[in-house]
Every structure is written in C-alpha cells, then in structure tokens.
Amino acid sequence: MNIEKYDHKMIESKWQRVWEDRGVFHAEQHSGKPKFFALVEFPYPSGQGLHVGHPRSYTALDIVARKRRLEGYNVLYPIGWDAFGLPTENFAIKNHVHPAEVTKKNIAHFKSQLQALGLSFDWSREINTTDPKYYKWTQWIFLKLFQKGLAYKKEMAVNWCTSCKCVLANEEVVGGVCERCHSEVVRKVKSQWMLKITEYAERLIQDLDLVDYPERVKIQQKNWIGRSTGAEVDFETTLGDTLTVYTTRPDTLFGATYMVISPEHPLIEKWADKISNIDEIRSYQYEASKKSDFERTEVAKDKTGVRLDGVEAINPVNGRQIPIFISDYVLVSYGTGAIMAVPAHDTRDWEFAKKFDLPIIEVVKGGNVEEAAFTDCATGIMVNSGILDGLTVDEAKKKIVDYLNETKKGHTKINYKLRDWVFSRQRYWGEPIPIVHCPDCGAVALPESELPLELPEVESYEPTDNGESPLAAIESWVNTTCPKCGKPAKRETDTMPQWAGSSWYFLRYMDPHNDTALASREALEYWSPVDWYNGGMEHTTLHLLYSRFWHKFLYDIGVVPTPEPYAKRTSHGMILGENGEKMSKSRGNVINPDDIVNEYGADTMRVYEMFIGDFEKAAPWSTSGIRGSRRFIERYYGLASILIEGGLRSELESKFHKTIRKVSEDIETLKFNTAIAALMSLINDIYATKSITREELRIFTILIDPFAPHVAEEVFAMCSLGDGLVCDQQWPEYDENKCKDDTVEIAVQVNGKLKARIKIAADADEAAALEAAKAEPKVAEFTDGKNIVKEIYVKGKLVNIVAK
RNA sequence: GCGGGUAUGGCGAAAUUGGCAGACGCAAGGGACUUAAAAUCCCUCGGACUAAUACUCCGUACCGGUUCGAGUCCGGUUACCCGCACCA
C-alpha cells in the first residue's frame, strides 16, 4: 500500500482534535467498570513554561492510564494548576500586573504545551488552586483544623527568608538557605499560624505499612519524623525548681556530670536575679539569637557555653550536685530544651567537657573514655552505676526507667524531630486565612457561609520590611466585625503557604464542580484512594507528608473514606542537561520541549523520554539519541507500506506473544525503556520478513498506542485495522504456552568456560542435552583424557561439564 | 557524622534475580543507492594478540571469599550522587 510521508504535525494535531471532540478521555462519574485513578503532581505554572522533566512523569502515567483504558477500566487521569506562589507574585510586582493575570497567561501557555504532547488528561476536570471556587474548600479545611484545635497561633522563633521577606516552614529551609531563592535564612520571633502535624507523627509512621511506596521514600519520611524512645528525668536544683531533661540513654544517668540548657530556656529568666554572672549569660543569649540556624550548626566543631553561677542541679539517682551551663548546641525546640550531659558516652558532651575541663565518668565499660566518648550500646556493661552495675545497656535502660517511674523522678518518653507546620506567609498571592481577630473573643473562625474569603484587590503586592503581609495595608478589607460578638475586629492578613492547595487537590478531581462540598461522598467513595501517584523525590518530606497529614485529618472528621490518600507512589528521576548537570538557565543547558515537539513530534518526544533509561534514575538528555526514537516511529509508520492480508504468522508467533508479555509487564513495573526495546526488537524481526499481516499490525498498533498514541491512531485508521479508535480496542493477551520456542540454543561450558553453543529441543532431558554437548568437537577437545567429575544441565540455559 | 543509593563498551543502557555479559538505541567506520549530499537499506563495532569475523587470553570500580558457574551472593576498600545533620 502506498502511504504518505510521515508528517508528525498533521497527524498529531488531527488526532488531538478527534480525542478532544469525542471526549474520549473523560472519566465516567458512574460506571460499572472497575475504576483506576492515576495521578501526577500538578504543575506550578511558571513563566518559563514546561520543563522536559514534566513530560517524563506525565507520559509515564499516561502510558499506564491508556493501558488501563484498553484493559476496560474507568480511568481518571486529571490535571490542574498549583498556581499560588512566589515567582508569580514577584513577576507581578516587577511588571505591575495582577498575579491573577500572570497566572492566567502562564496556565494558557502550559495547557497548550501539555495538549501538544497528547496526554490523555480529562480536561473537563481541570482545577486551579487560585480559583475562589477551589480555595473556598482549602479555607474550609483550615476552619475544620482550627475548630479541632489543630491550627493555632503562636509567638515563636521562625525561619525568615531575608530575600522573600517571608516565613518558611522547616521543610523549606535546605542547608540553612531558602529552598526557593537560596538566600540567607535567619531566626525571627513572630506570631504565626501553626498546624499540629506532630499530633499525627505516630500515625504518619505507622500507616506507611498500609501503602505501596518505594522503600527509600518510606525511610526518608520516617527519618524526617525522627521518632526516638527515651525518658524524661527530673533534676531538682539548688534553687528549688525542677529541671526536666530528655534522654535516650537513661542508663547513663550515673555518668551525668553537668547539665546543659538552651539559651532560650525559660528557667533562666526565673533565676535571673540569683545568677551572679547574669550579664555574661545575657550576652551569650544575645549572640545566640543573632545567629541563624545555619550559623549555629556551622560552628558545630567548636562548642561554646557559659556556666550559670549560683545554681546547680541534683542528680536524682546519687544526689550529686552538678553545674548547669547554657550552650547553643542544645535546641529549645527539641525535647525539653535541656539535657543531662554524659561526656563519657556522648560525643558532643565529651567535646564540651574537654573544652571546659569537666569530669568524665565512665559508666559503660568497653571503650577508653579519656580518648573518646564510648557510644556503643550493643556491647557495653554498666559500671560505677549503683543498682545498674553489671547489666547490659538494654537491661539498664529498662531497670532505670522502672526506678524513675516508682520514685516519680521520671518516665518513658517518645520524642519526634518533626515540628509543627508553620502555616502563615506574609505575602499576597495565597489563600487568605479565614480568621478574624476580635479584641474580646480572640481568634474567631469566619462562618462557613462567608467562604470563600476572596483576596481583595490591592495596589501594591510588595512584601513589607516590617514582616506584614501586603493585605495589612488595605484597611477596608482588614477592618470588619467579629462574627461572634459583632464588635469591630480585624481580619488575619497572613496567607497560606503554597502547600495548602496541593494538600487535598486530588480529592477535588473526583468531583471538581461541586459547590456544596469539596467533593460528594459518593464520588469520594467511588474514586478513593488514588491508585497510582507519581511524583518527584523532592516532595517526600514536603507535599507528600503534608497531604498525608491533611488526609488523615479529613478521615478523622469523616470527610474521606480512607486513612491514606495514595495506594501506590512512584518517583521519576530527573532529566539532566546534555552535559550531565542539572538543567538550568544559568548553566545554559535547558531543552525546551516545544522545540522537540515541533521538530520531531510528540510521539518521538514521548518515546524518547521513556527510552532514555531507568525511569527512577536521573538521565542526561541526548539530542542525537532522540533521532533513534524518531526512526522507530517512522519504521512503525512504514509498516503500512508492507501490509499483507493474514493472521499471526507461525514464524513470528512466539515473538509476538513474548513481546505482549514483556510490554504488559514492563509498563506495570515502570520499565518503559525495556518495553520499547522489545517493540524495537519485534519491528526488526518483522522487517526481516519484508511484510506484516493485518492481524500482526493490529496487535503491534495497540501495543505501541500508549507510548505513541497519535501515530498509532493514524496507522489504525489508514489501514482500517478495526472499528473506532485504537483507544476503543482491547489490550492484547498473550498465551504463556505460545511464548516458548520449540528449539533453543544453549551454552556448553567446560569447567565453567564457554566452548560451544548447541541447538536442542526446548524440553530435551539431561541425557539428550549431554549427548549433544559431548558431540561438539570443541567439548571433546577439552574433556579428552580427563575425568568427568560433574555434569550440570540447566534446562533452556546451558550444560556445564566439570573435567579434571 | 548518620541514613539511602550508584559504579557494566566511546555514550544512554540491558541481563528472566546465581546460568551464553553488553539486548535495544546513540555515536563511529565500511558498503549499496545517488551526478552529489541528505534520507534509507546492508555489514562491523568491549579489549589484547592477529592477515583473520582461526585460535587463545583478559574484561561488569578495587581486594578477597562462597560456588561446577558470580555483573548478580558474602566480607572488606575506594569514588561519586541524594537526603538529614549538635534531635541529647
């Protein structure tokens, strides 16, 4: 059959239009079919447009979604826009346009880029976090959190980005600098909205058992939550107040030779007039407060501190009086902000003790505590420890905790490194926090009927140096009345962080136009949970953790039907620049997906990104490599010109069945690269026969459809391979029995070294195989005159003859 | 420092989980077609020794071990990547 030259532009725009007109990718709201909810992280519509990294994730789940449809599932594969955020706001400030305008423009650009890739998104369910109809429900969830006491306002030291002029969550501070702009982060005391994610710490760990996530993601979340088991111990002081410390090594209590409290510890104020060197203490506190967290940790090598003169602590197990220091190596925000120092068995305490010449008492035998702290818990035996002497560390821990409990001097305690989530931002382009501050009633929730609380129009979006949101300048908006008592009151002027809208967005896809609930109960029951969620590793301790927290909360108040939002999570690797470095404007190695789609077509782009290497690992872009994918597409398209009538030919039968099996399995395990390799290998074999039958082309077309859907539709229509579209067909099945060949080539080894290859019947028994092997002259040459010690036959693989 | 990961041709990578190392693709070289080029098609393509696609030997970061047999398992070493980092 004569065919036109492959013209990707014509073919791709044609089929994109057909899909759109027929609405073939719209999920059915009610269906007798099994459901499948595939989810990719919705993009932030930045001014730069799509990055080549986006299609890697989107194409992967597009392949899964398309395969599921062919397998008869009712598939929901939605997309939307995580559109609140700083870059848009900064652009708006610089160019004097409204952030909503910028957002609209960016979304239009992103949308056209995504549509050009032929991704099978259900565009009828598109959502946008900056749409008041959407953020009404973000605010609604916040009110629920507030009503349950999980959102609270607190005066506290926060991470302050000096360039964004905004508070950051702990998760947004990376290596001491702002995750976004890499500027210095300092500590600032401010009143902030907080979310009690710590209340869910235990369940966020435990419920990882319920989900199918990569192990590295689970480990990273567990480490971030940082659960540790220890004890709180009360030390009386010579001034009468009790100083409580947290320790994971209560067994070393007899070895405590001094105490350290953080510079911010409240007892210092209480003791102020009894401490004789209070000026020295004050100046140390001042110095510490000036330092950012980063600086504090940078000087980790050199310990500093000041002893509190005029007060000592009393060790509850031996009555020994020991000095108390302040030092910034003890953090206010963890445990009780105070520690008992056991220099013999803790590296940090050891360094401090050496520097300040404090006694080091060995209580666990096994090391040389004059040389270094001995921290090994597994092998040591307790000494110098009264009732604990002779016990192992584990036994000692148990016994001392029992003792502390009995004597009411302490108790078991579990601590987490996880901190509550700093939830307010002093910026314009975010969801307004729906709270009113009343002089009489305090913080009062806006009634639900007043949601959404929309962002007011404002003249200037500039962040202010005094740390207030630009919203604070709009008096007409700020001044309101208290919903409770009706007296004059002021609105909260901080907005929510970008993570708010993305913490529940997948729920909205289930029922995106509902204006009486975030989604109907029916939709939530039908679609929950997300069956497969793919996204980046960088969100493991941010979005992924936050959204699990919100989901658990919504589960607790009866809104959602499952305790976990995502049944399965996978992660794609980054696409690097051609030079192997991360793509960035400053490195000049950015590839624009538009250029690739223009020059080679979406199908080539899709196949290339899936063929580039292990999906879960980083891979460098290769401009010449993409030509191989284009050739493959053209070779597939060219099959139409050698089409003959007929069914599956016997010489290709097992190859076809094996390929169906390989492609089917590889898509499920994210091995898109080997699935494509299998299709390439099959096409090579087909070309070797110089023809392809109608049935063979039909099967091949359905197999290639998830990867290269436009050209598949074109060939399907051009060659009249069936009714309707490719996406109306059924995924082909394979027969395990037909995957086998009658004869196989196996290796013949002598003493483990390859000497020959022989063709034998696939089901040949050992005797037959050995006979055939020994008939090989090469084999005879190496075994003649030797004793055959052992003979090994692995069916379908090899024969190994061991001769001495 | 702690936690996780990776290491295979000139390059991206495969290898049914202990069984023929390098599938598939890129790049390169040679040939066909062409006035020529591009495209396409065919052949070669880990290294050493070779006239040779005869032989033979070496080869999956490095050292050692288990095994008839190791890229794969075990012990140790090195390098690189990612995450966390004074969390008591």
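Below, read A as the first sequence line, B as the second, and so on, with proteins coming before strands; counting in each chain starts at 1.
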Find the partner of [N]: check Watson-Crick (N1-N3 plus N6-O4 or O6-N4) and G-U wobble (N1-O2, O6-N3) distances, both under 3.5 Å, and reply none if neither fits.
N	value
B/U77	B/A61
B/G3	B/C82
B/A32	B/U40
B/G22	none
B/U8	none
B/U56	B/A48

Spacing of [X] atom [atom1] relative to [N] atom [atom2], expressed in whole Å:
X	N	atom1	atom2	answer
A/Arg56	B/G12	CZ	P	14 Å
A/Lys690	B/C42	NZ	P	9 Å
A/Leu754	B/C57	CG	C1'	14 Å
A/Leu331	B/A85	CG	C1'	11 Å
A/Ile339	B/C86	CD1	C1'	9 Å
A/Lys753	B/G69	NZ	P	11 Å
A/Asn751	B/C57	CG	P	12 Å
A/Phe672	B/A23	CZ	P	23 Å

Given protein heavy atoms under 4.0 Å, the one-letter contact record of nucleotides 24-30 of chain B, with B base, S sugar-phosphate only and - none, is simply BSSS---
Please determine whether any donor N or O and acceptor N or O are separated by less than 3.5 Å between the side chain of A/Lys797 and the base of B/U16. yes
Should the side chain of A/Lys303 and the base of B/C86 be counted as holding a donor-acceptor pair, with the cut-off at 3.5 Å? yes
Taking C-beta and beyond as the side chain, do A/Thr257 and A/Pro343 meet within less than 4.5 Å on heavy atoms?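 Yes. Closest side-chain heavy atoms under 4.5 Å.
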A side-chain contact here means heavy atoms from C-beta on lying under 4.5 Å apart; do A/Phe615 and A/Glu609 qualify?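 No; the side chains remain at least 4.5 Å from each other.
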Would the A/Tyr636 and A/Phe700 ring centres measure less than 6.0 Å apart? yes
Looking only at the aromatic ring of each residue, does the gap between the centers of A/Trp621 and A/Tyr608 stay below 6.0 angstrom?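 Yes - the distance between ring centres of A/Tyr608 and A/Trp621 falls below the 6.0 Å cut-off.
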Would you call the rings of A/Tyr546 and A/Trp421 parallel, tilted or perpendicular, taking 30° and 60° as the class edges? parallel
Over 60° means perpendicular and under 30° means parallel, so tell me whether A/Phe352 and A/Tyr258 are parallel, tilted or perpendicular.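 Parallel: the ring planes of A/Phe352 and A/Tyr258 meet at under 30°.
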Between [N] and [M], how many Å separate the two [atom1] atoms, rounded to a whole number?
N	M	atom1	result
B/G18	B/G69	C1'	8 Å
B/C57	B/U50	C1'	13 Å
B/A88	B/U78	C1'	33 Å
B/U60	B/U8	C1'	4 Å
B/C26	B/G75	P	41 Å
B/U72	B/U66	P	15 Å
B/G46	B/U40	P	23 Å
B/C86	B/C82	C1'	22 Å

Out of B/C86, B/A14, B/A88, minimum distance to the side chain of A/Thr247 belongs to B/A88
Heavy atoms from C-beta onward define the side chain here; which of B/A85, B/C86, B/A14 lies closest to that of A/Asn673?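 Taking heavy atoms from C-beta onward, the closest nucleotide is B/A14.
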Would you mind telling me which residue lines up with the more 5' stretch of RNA chain B, A/Glu745 or A/Thr674, judged by nearest nucleotide? A/Thr674
Minimum heavy-atom distance between A/Glu634 and A/Tyr6, given as atom pair plus value: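 The pair with the smallest heavy-atom distance is CG-CD2, 3.8 Å.
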Between [Y] and [X], is the closest basic N to carboxylate O distance under 4.0 Å?
X	Y	answer
A/Asp741	A/Lys658	yes
A/Glu41	A/Arg569	yes
A/Asp302	A/Lys355	yes

Donor + acceptor pair across side chains of A/Asp603, A/His8 (<3.5 Å):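 On atom types as modelled, these side chains do not qualify, holding no pair under 3.5 Å.
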Quiz question: by atom type and distance under 3.5 Å, do the side chains of A/Asp234 and A/Thr242 form a donor-acceptor pair?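 No.
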Using a 4.0 Å heavy-atom cut-off, does [X] contact any base of the nucleic acid, only the sugar-phosphate backbone, or nothing at all?
X	answer
A/Ile612	sugar-phosphate
A/Lys671	sugar-phosphate
A/Gln749	base
A/Asp614	sugar-phosphate
A/Asn800	base

Tell me whether A/Asp420 contacts the main-chain N or O of A/Thr198 through its side chain, where contact means a donor paired with an acceptor under 3.5 Å.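 A pair under 3.5 Å: yes.
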If the glycosidic angle is within 90 degrees of 0 it's syn, otherwise anti, so just tell me which one [N] is.
N	result
B/U17	syn
B/A54	syn
B/G76	anti

Polar atoms only, N or O, under 3.5 Å: list the protein pairs with nucleotides 4-9 of chain B and their distances.
none

Closer than 4.0 Å, any side-chain N/O of [X] to the OP1 or OP2 of [N]?
X	N	result
A/Lys790	B/C68	yes
A/Ser228	B/A88	yes
A/Tyr334	B/A88	yes

